[in-house]
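Notes follow the structure.
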Amino acid sequence: MWYVLAASLFFLPFHRAASLTLLAITLGMAIWNQTLALPGIGAVAVLGGLAVYRVVKRDNARLPLVCEIVLVAGSLALMLHLLPGFNNQAIVNAVKAGPESAPFSFYFNLDKALVPFLLLGCLPTLLKRPASLPKNGLWWLVLVLAMPLLLATLAGGLTVELHQPAWLGAFMLANLFFVSLAEEALFRGYFQQRLTQRLGNLWGLLGAAILFGLAHYPGGPLLIFFATLAGMIYGLAWLWSGRVWVSTLVHFSFNMLHLLFFTYPVWQHPPA
């Protein structure tokens, strides 16, 4: 089921019919294996219906705006796992990537993976819009180099620790399709694009990065700060390319760099 869902998300930017067909198959499989229970089925039906209505009635000003507000609120609820009826599959539970890493868990999240489909109903340019290219192409190199520099400066939060865990393949699948793509669709494809339309590129970039940082509040002030800085890197990748898939790959690369070469998710200080 999860590979079908990943394929559906992969095809979403360039072959909508194939993507939606694979999504329908995924949802059928999810109902069959009880990953999607009755309350979740209702939520998917309502939000999916609103997304279709938003597309059909895009030229009618008032009701589509209400639909968009509901869809964004629903996307946030899915992102935060607030809607009942989604029995997401646990892959690892309280494992340590290395001896100095803190324990962590991760899941294959059906609810979070649905976010790009819903937001595409709000904004047809969610995944692809005209690029705002940097004046010098070397800025892309600066952007790439900023990722290890940012991780290296997480003083007190991380330390170097090499990892190649047995669950690496599952982590890559989940992080690319069910985490990075969903978050980039929401924070860059939707929030940054909407803010840019109203306030311009700079304020759109800063506003979306701050929202992305605040979304990491459970990790404390340090994580909020560095997530905001990372959000600026992802935001520039989106702005310069006009493609959510580009910012998604930058986001995914940052997370993989973190997992493979540093304590993940944070450094667990040894007892004194």
Side-chain angles (χ1 to χ4, degrees), residues 1-13 15-91 93 105-124 126-127 170 173-187 189-191 194 211 214-215 217-218 244 248:
M1 181 190 97
W2 300 107
Y3 291 107
V4 179
L5 178 58
S8 175
L9 288 162
F10 175 79
F11 283 113
L12 186 59
H15 202 302
R16 202 65 46 80
S19 175
L20 294 177
T21 299
L22 290 169
L23 176 62
I25 294 170
T26 298
L27 293 175
M29 295 171 72
I31 294 170
W32 178 261
N33 63 26
Q34 299 183 332
T35 301
L36 187 60
L38 190 58
I41 296 171
V44 171
V46 170
L47 292 172
L50 287 175
V52 172
Y53 179 82
R54 180 71 176 85
V55 172
V56 172
K57 298 292 185 180
R58 195 174 301 281
D59 295 333
N60 185 332
R62 185 171 299 175
L63 285 178
L65 177 59
V66 174
C67 287
E68 182 166 338
I69 292 170
V70 174
L71 285 170
V72 173
S75 296
L76 285 167
L78 291 169
M79 183 79 65
L80 298 173
H81 314 299
L82 298 179
L83 297 182
F86 292 88
N87 301 313
N88 295 314
Q89 181 181 345
I91 304 302
N93 184 31
S105 306
F106 79 89
Y107 294 75
F108 283 170
N109 293 311
L110 175 61
D111 45 5
K112 195 169 183 176
L114 298 178
V115 168
F117 296 100
L118 298 180
L119 293 178
L120 196 57
C122 297
L123 197 57
L126 180 83
L127 302 175
L173 178 70
N175 198 267
L176 176 58
F177 289 104
F178 313 145
V179 176
S180 298
L181 177 56
E183 292 180 358
E184 290 307 301
L186 178 63
F187 289 100
Y190 184 78
F191 282 131
R194 283 300 195 207
L211 289 172
L214 292 174
Y217 76 91
V244 161
T248 296

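Predicted, not measured: the structure shown is a model, and the values here were computed from it.
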Heavy-atom distance under 4.5 Å between the side chains of Leu71 and Leu119, does that happen here?
-> no

Which heavy atom in Leu83 sits nearest to a heavy atom in Ala43, and how many Å separate them?
-> CD1-CB, 4.1 Å

Leu47 vs Leu78 side-chain heavy atoms within contact, under 4.5 Å | yes

Shortest non-hydrogen pair, Gly40 vs Phe86, comes out as CA-CE1, 3.9 Å

Report the C-alpha distance between Leu186 and Leu76 in whole Å, list the side-chain angles of each, state the deciding distance to 0.1 Å, and finish with yes or no for side chain to side chain contact (heavy atoms under 4.5 Å, CB included).
-> CA-CA 8 Å; Leu186 178 63; Leu76 285 167; 3.7 Å; yes

Nearest atoms (heavy-atom pairs only) where Ala185 meets Leu126 | O-CD1, 3.4 Å

Quickly, which of Gln89, Met29, Met1 forms a side-chain contact (heavy atoms from CB on, under 4.5 Å) with Thr35? Name it, please.
-> Met1

Which pairs count as salt bridge (charged side-chain N to carboxylate O under 4.0 Å, His left out) when at least one residue sits in residues 17-40, sequence neighbours excluded?
-> none

Side chains of Trp2 and Thr26: does their closest heavy-atom pair fall under 4.5 Å?
-> no

Can any side-chain N or O of Ser8 pair as donor or acceptor with the backbone N or O of Val4 at less than 3.5 Å?
-> no

Only counting residues at least two apart or in another chain, list the ones meeting salt bridge (charged side-chain N to carboxylate O under 4.0 Å, His left out) with Glu183.
-> Lys112

Donor-acceptor under 3.5 Å (Ser19 side chain, His15 main chain) = no

Tell me, with the steps shown, if Leu23 and Leu114 meet side chain to side chain contact (heavy atoms under 4.5 Å, CB included).
-> CA-CA 9 Å; Leu23 176 62; Leu114 298 178; 3.8 Å; yes

Drop me the distance from Leu181's CG to Leu12's CG, to the nearest 0.5 angstrom.
-> 7.5 Å

Residues which pass side chain to side chain donor-acceptor pair (under 3.5 Å) with Asn87, listed by chain and number, not counting sequence neighbours | none

Side chain to side chain donor-acceptor pair (under 3.5 Å) against Ser180, all qualifying residues, sequence neighbours excluded | Asn175

Set of residues satisfying ring pair (Phe, Tyr, Trp, His ring centres under 6.0 Å) with respect to Tyr190, sequence neighbours excluded | none

Quick one: are the ring centres of Phe10 and Phe177 less than 6.0 Å apart?
-> no

Pairing residues for Ile31 by the side-chain contact (heavy atoms from CB on, under 4.5 Å) criterion, not counting sequence neighbours | Leu36, Ile41

Please name all residues satisfying ring pair (Phe, Tyr, Trp, His ring centres under 6.0 Å) with Phe11, sequence neighbours left out, ordered by chain then number.
-> Phe14

Distance, nearest 0.5 Å, that separates CG of Leu118 from CG of Leu50 = 9.0 Å

Which residues satisfy the side-chain contact (heavy atoms from CB on, under 4.5 Å) test with Leu80, sequence neighbours excluded?
-> Leu82

Looking only at heavy atoms, what is the nearest atom pair of Val115 and Ala182, with distance?
-> CG1-O, 4.0 Å

List for me each residue that meets side-chain contact (heavy atoms from CB on, under 4.5 Å) alongside Pro84, sequence neighbours excluded, and say none if there are none.
-> Pro39

Pairs touching residues 67-87 that satisfy salt bridge (charged side-chain N to carboxylate O under 4.0 Å, His left out), sequence neighbours left out | Arg54-Glu68, Glu68-Arg194

Can you name the side-chain contact (heavy atoms from CB on, under 4.5 Å) partners of Ala45, sequence neighbours left out?
-> none

Verify the neighbour count for atom CZ of Phe106: are there more than 12 heavy atoms of other residues, nucleotides or ligands below 6.0 Å?
-> yes

Results of side chain to side chain donor-acceptor pair (under 3.5 Å) for Asn88 - residues two or more places apart only | Asn109, Asp111

Is any side-chain heavy atom of Phe117 less than 4.5 Å from a side-chain heavy atom of Leu9?
-> yes

Would you give the length of the straight line joining atom CG of Leu27 to atom CG of Leu110, rounded to the nearest 0.5 angstrom?
-> 6.5 Å

Taking every non-hydrogen atom, the tightest pair across Ile91 and Ala170 | CG2-CB, 3.9 Å

